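FYI, side chains are in, hydrogens and waters are out, and symmetry mates aren't considered; it's all heavy atoms of this structure. Since the structure is predicted, the reported quantities are computational estimates derived from the model, not experimental observations. Just so it is clear: chains get the letters A, B, ... in the order the sequence lines come, proteins before strands, and each one is counted from 1.
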Amino acid sequence: METNLVLESLKFMVLGMGVVFLFLYLLVLLMQLQAFIVGKFFSNNNDSNTIDTKKSNDLDEKRRIAAIIGAVMQHKK
Amino acid sequence: METNLVLESLKFMVLGMGVVFLFLYLLVLLMQLQAFIVGKFFSNNNDSNTIDTKKSNDLDEKRRIAAIIGAVMQHKK
Amino acid sequence: METNLVLESLKFMVLGMGVVFLFLYLLVLLMQLQAFIVGKFFSNNNDSNTIDTKKSNDLDEKRRIAAIIGAVMQHKK
Amino acid sequence: MKMKSFLLAAIFIFFANTAMLSASSVHESATDAQQQQAKPYEPKSIAQLSATFLERTGIYAMLFPQEGVTNGHGEEMTLFEQSTGRVIMFAIIFLLFYLAIAKGFEPLLLLPIAFGGLLANIPIANMTSDHGMLGIIYNMGIANEFFPLLIFMGVGAMTDFGPLLSNPKTALLGGAAQFGIFGSLIGAAALSQYTGIVDFSLQQAGAISIIGGADGPTSIFIASKLAPELLGAIAVAAYSYMALVPVIQPPIMRALTSKEERCIVMPKTREVKRLEKLIFPLIVVMMIALVLPDAAPLMGAFALGNFAKESGVVDRLSNEMQNSLINIVTIFLGLGVGSKLASDSFLVAETLGIMVIGLLAFAAGTAAGVIMGKIMNKFSKEPINPLIGAAGVSAVPMAARVVSKVGAEEKPGNILLMHAMGPNVAGVIGSAVAAGVLLSIFN
Amino acid sequence: MKMKSFLLAAIFIFFANTAMLSASSVHESATDAQQQQAKPYEPKSIAQLSATFLERTGIYAMLFPQEGVTNGHGEEMTLFEQSTGRVIMFAIIFLLFYLAIAKGFEPLLLLPIAFGGLLANIPIANMTSDHGMLGIIYNMGIANEFFPLLIFMGVGAMTDFGPLLSNPKTALLGGAAQFGIFGSLIGAAALSQYTGIVDFSLQQAGAISIIGGADGPTSIFIASKLAPELLGAIAVAAYSYMALVPVIQPPIMRALTSKEERCIVMPKTREVKRLEKLIFPLIVVMMIALVLPDAAPLMGAFALGNFAKESGVVDRLSNEMQNSLINIVTIFLGLGVGSKLASDSFLVAETLGIMVIGLLAFAAGTAAGVIMGKIMNKFSKEPINPLIGAAGVSAVPMAARVVSKVGAEEKPGNILLMHAMGPNVAGVIGSAVAAGVLLSIFN
Amino acid sequence: MKMKSFLLAAIFIFFANTAMLSASSVHESATDAQQQQAKPYEPKSIAQLSATFLERTGIYAMLFPQEGVTNGHGEEMTLFEQSTGRVIMFAIIFLLFYLAIAKGFEPLLLLPIAFGGLLANIPIANMTSDHGMLGIIYNMGIANEFFPLLIFMGVGAMTDFGPLLSNPKTALLGGAAQFGIFGSLIGAAALSQYTGIVDFSLQQAGAISIIGGADGPTSIFIASKLAPELLGAIAVAAYSYMALVPVIQPPIMRALTSKEERCIVMPKTREVKRLEKLIFPLIVVMMIALVLPDAAPLMGAFALGNFAKESGVVDRLSNEMQNSLINIVTIFLGLGVGSKLASDSFLVAETLGIMVIGLLAFAAGTAAGVIMGKIMNKFSKEPINPLIGAAGVSAVPMAARVVSKVGAEEKPGNILLMHAMGPNVAGVIGSAVAAGVLLSIFN
Ligand code: NA
Ligand code: NA
Ligand code: NA
């Protein structure tokens, strides 16, 4: 007996879109729950972003150069 | 029957150097043809070298620092 | 016949700690010998550390920028 | 000029004399050449040497295709695949180069894929065999689906879920856009069932449909699992259409929305705590573990990259994932996928079908996302601009940018980018879920 | 809110209807599902599809464990390992995440290890099998002990033997601390012989004992050679206790020394010539070649890295070893080791034993180092602060920093860091030698 | 000082007592030791333990070589190879270290090669076996010729064909220099035929001759294909002589040219359009596809790197090829090649022959390039300084710099560098073509 590909695909779509929406819907609920909990119990401002360290170092470097040159200029005058 | 290695090697040299020169000679012709075509049909000046972007950024960075410091100096006077 | 694990382990300890100390002791002797030979025969001051090249280049870069800006400043005055 | 003629004459005379002498012996020895591998070298005259050499030139192999010549995997190639097929493939590959370089079509993957295809189509060299450069790469990380996972790990380390976390319900838009996947599944099935052009199995149709997910690594991962014989066409289609997002999407977005809808201004999103971003990848991977383990490799790798980034304590590793590691893997992934652009794999009716279905899939996904946006706008308290639904197809971050551009055209100053990033990254998760469902069905 | 209820209702009704219809067919088809791999897809009703899907969810697999379910290596898993075991492992893994991120416990390795463990415990996905992501990584570089060697090469390229060369005899302190290894060997043997809790073979005891060496890569290398079944527990113990060095060591250091001893100021070290540093790795590798070839892979890789750095002529390569290469390998090593945190490998009585022995090993190594420091101080012309003996356990550079901190607490301004680095790096060599002896015994 | 004597005495007494007790049992158990691998551990007395340990020291293995000891590949080693052979190899390796570090002989490859050789010659450790570190590396990328191709890809990404494109006909100089290859082929054949020193097969002679091409990766690629047993010697010869280019070439260049010729000033080269550089690698790879598919892996990888660079749209990837990727592969390539410096592979008469032929090859290539330069200068409209012919041997960019230096010595201010870069990069192509011809002959 031949498989009706289109019919099977339709069934897959029903299952697939169902699971996709179920999954994302659960995810939405968990995200909202998480936001609620984190907002309630961890509302301190320790959001220091460790990842930007390098960037700021670079900037620091440039500031330091500027400061040094500034000092040199002062001295020359 | 023994193979005469030197004789065989000589034959390989004839074939090999022939192919090497033929190949490079064809390559020369194609390079000349290409230079002619590109020069004729693509002679606009869009030779912006994308590859140097990072280098020039670096330079820009330095120029910017110089400019900033210059401004600071001006201001201090 | 059962193996007495603890007894075997004790033997391993005797062998193992013996080898560890022997090895490190020989290493100490060789380090002292080396220090003596290097100190005696290679006491010239060519200890230029090739590894810091990049670092110093960076520094050079900064010094150059400083110098350039200094010159510019001089000129502006 | 003199020198040129001199050299040219000398070289040509040399070859004419030697090669022609043995022209008659060429055809007889053709099949022997295939078997000589193991034998020690036997003395030959220069004429024989030249003849043998001529036989091993690519131009000879393409002008005089032989019965019984095999591809890198020992399968016989048709005369067409050995000759005209290669020429057509070279043309297609140069087109891909043009698109990648001059038109900026996802060059990071299309360029290595196309170059892999170029090498794969060189006659005689058999670079796709298990001992050839492309075959080695293919077996190293594509046959076992390892490279797409590493890419996904790097993409995870580059992805910021902040916009999604600040407005969670936009995740549903990334779900709706997966109609692109299942719509193209039905399309592929219908094409196979009702026309004589192609004859896709359900597995093949499933592999093709993931193009609609607009995620390169997911497409390659699934194709490699369900239908490796279609890998080349699927990857080329996926990346080509992802590059075409700015062309394909806007007309559909405009056709399905009213001027008022397109002008909707969305409220500023709330700030997201670092802890939320840190926990999110763990939530995703635990949900996958509990609900859809078949998507665990994909989402696991993705969550690993994202978790490494958000943890903030392994910057060495997350930077590595985003840079050297993903670069190396991209080179290899491209070349490995390109090995499936050999004429005998690519020049089949299926490829044309895949191209058509892929285009429809993108259109369907975009439409479904926009329509879902309209529905949500109706039911939701806060206004939702339906345009951001189009970003649900993923194609991160291109689709979100397109949304932002279309929105700003309608109402200058209306910046939808951050709002569109939510469905955009949710679309990545949605595609992986859809892919997992297909895998679970065929397992 | 309306929208939410609407969607929720729709989805749940859909699933309730379809899945329940076929609830009866679930159990019968459970074992068939395992065998279907090769068969072509057969048409199913939506109810059947949903039922099959439900069976392949992780939550179903954990709630209804089945007899005959195998792990990634074809070995049968107990019902406990399939269900509660996984839950326990998830808890342990989240604890490891907490320790790595919030407490800074060696995150570069514990985070990837824990994530590998997370993926390894996902049911159905079988990611530790030879075709799964973790299994591929494990076979690529852990089964053959390749990755730990690459890590060791990178560590070698980061190590400065200057402090040791300037005061060679402190190397002996790095020897004494290896009592930690052999003490824990005896401990493991005793635990196995005199209690019924665990039943370690001598090889297993040997593998465990290397935890006392406080070198992650050495531990993994030896465990992979002598007792791969214990790899997960050994690696977790090794890195956890290395992270705990600042907690474990100070009380022992204080208990074994007098206030006067802790206040000893050591003379300034002499400057070391570049040539000495260059020759040193060659001395080490030649000594290994002559005395202990079984340690050649470990010390060879280490010396290679160090030699490349000190040569000064291959900075490209030594920088690579210290950066991209070690980062990539660290990611893979962590994931590969993490694959041994699957519930069926990790949740065994042995793990508890390993944890206890590991803790004792660190304490014993610290004590032995300090006592050796006291003895050397007695016999040596120049004063030696016995605290630096504690750095002999290696755990570079953490242990040396701890020594410096304890010393500065007793006598502010007394900087022991450089003096402690000598025994610290000697401890790495000492552990490798001890490991080599164990390998030579069991070869 | 006291402490030293104390420790030394204690340790030596311990060993003397235990080891000597069982000296008699050593010889009998020697062969058993080889087979014990799988057996469980059996209790031993400390004396037995020490004896077994002594037997597994490298110094014992070298002082008392045994019949029947095998290398990493299961082949029996002679007593000489086990003992004096290793000592000689260590000396050669220290010489290579000296050349690499103090003399700057291509350290990026010679240092890892020599270190690989050091590890390969450690007795007992068997690091070249399939389970050893070097064996793993060798099988990963040298046995299958993958690593040389990746190096070639990186070199391609670093190469600028601008100078060649601006003066195409200088490519012919890169052709003439390939006489170095075929000259040394004849040399190797003659050495084998007319002397009893060596007995090269034609394949081996072909592999050796590629040294004359002055391209490390090409040499390794061809050697690995045609004569892997000679790989170590060929690689060492190739890199050593490439490092010696500034010593070997100038006298030959001066001997073959007149003062006037060396002073010839060449006209300024035209500017090259970016489009020409972009198309050039495609031209090369298409020509290879049509004329010489046997060179497709080499030139394909090279062209891929160059095309990625010149495309300007995949800088991430081309930077990766030039940095991390080529660095990692260089480390592994060096170690893998070094594994062929084990005494039993390297200390054969053939090595000496290879060294002699390699030197002649470089001289012949240089001479042929210069003579071709003289001929072209005669026939060409624009003046050509014959010195630039010497750059045709490749050894990029060293040979071009040597040309520039010799030219500037004759006529200060005459900068030949850019003119010499043309033949220099053409020499890379020329060598790959010559290699392809040899492969096509032996296929
Ligand atoms: Na998607
Ligand atoms: Na240690
Ligand atoms: Na060459």
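With sequence neighbours excluded, the residues that form a salt bridge (Lys or Arg N to Asp or Glu O under 4.0 Å) with Lys374(E) are Glu261(E). In terms of the ring-ring contact (aromatic ring centres under 6.0 Å, His included) criterion, Phe23(C) has no residue partners (sequence neighbours excluded).
Residues Leu24(C) and Gly430(E) share a closest heavy-atom pair of CD1-CA, 4.4 Å. Here the closest non-hydrogen pair linking Ala171(E) and Met31(C) is CB-CE, 4.3 Å. Of all the heavy atoms in Met287(E) and Leu30(C), the pair that sits closest is SD-CD1, 3.5 Å. Taking every heavy atom of both residues into account, Gln34(C) and Glu276(E) meet most closely at OE1-O, 3.2 Å. In terms of heavy atoms, Arg270(E) sits closest to Ala35(C) at NH2-CB, 3.3 Å.
Two residues are said to be in side-chain contact when any heavy atoms from C-beta on lie closer than 4.5 Å; Phe182(E) and Leu15(C) fail this criterion. A 4.5 Å side-chain heavy-atom check between Phe21(C) and Gln178(E) finds every atom pair outside the cut-off. Between Val6(C) and Tyr194(E), the closest side-chain pair of non-hydrogen atoms falls below 4.5 Å. Considering only heavy atoms from C-beta on, Ile429(E) comes within 4.5 Å of Leu27(C) through its side chain.
No part of Ala432(E) comes within reach of chain C, as not one of its non-hydrogen atoms sits under 4.5 angstrom from that chain.
Residue Gln204(E) holds its CD atom at 10.5 Å from CG of Leu5(C), rounded to the nearest 0.5 Å.
Under the salt bridge (charged side-chain N to carboxylate O under 4.0 Å, His left out) criterion, the residue pairs touching residues 283-295 of chain E are Asp294(E)-Arg56(F), with sequence neighbours excluded.
Comparing Leu292(E), Val291(E), Ile283(E), Leu438(E) by how many heavy-atom pairs each has under 4.5 Å with chain C, the most go to Ile283(E).
Contact annotation for residues 160-168 of chain E against chain C (heavy-atom separation below 4.5 Å, listed by residue number): Leu164(E), Leu165(E), Pro168(E).
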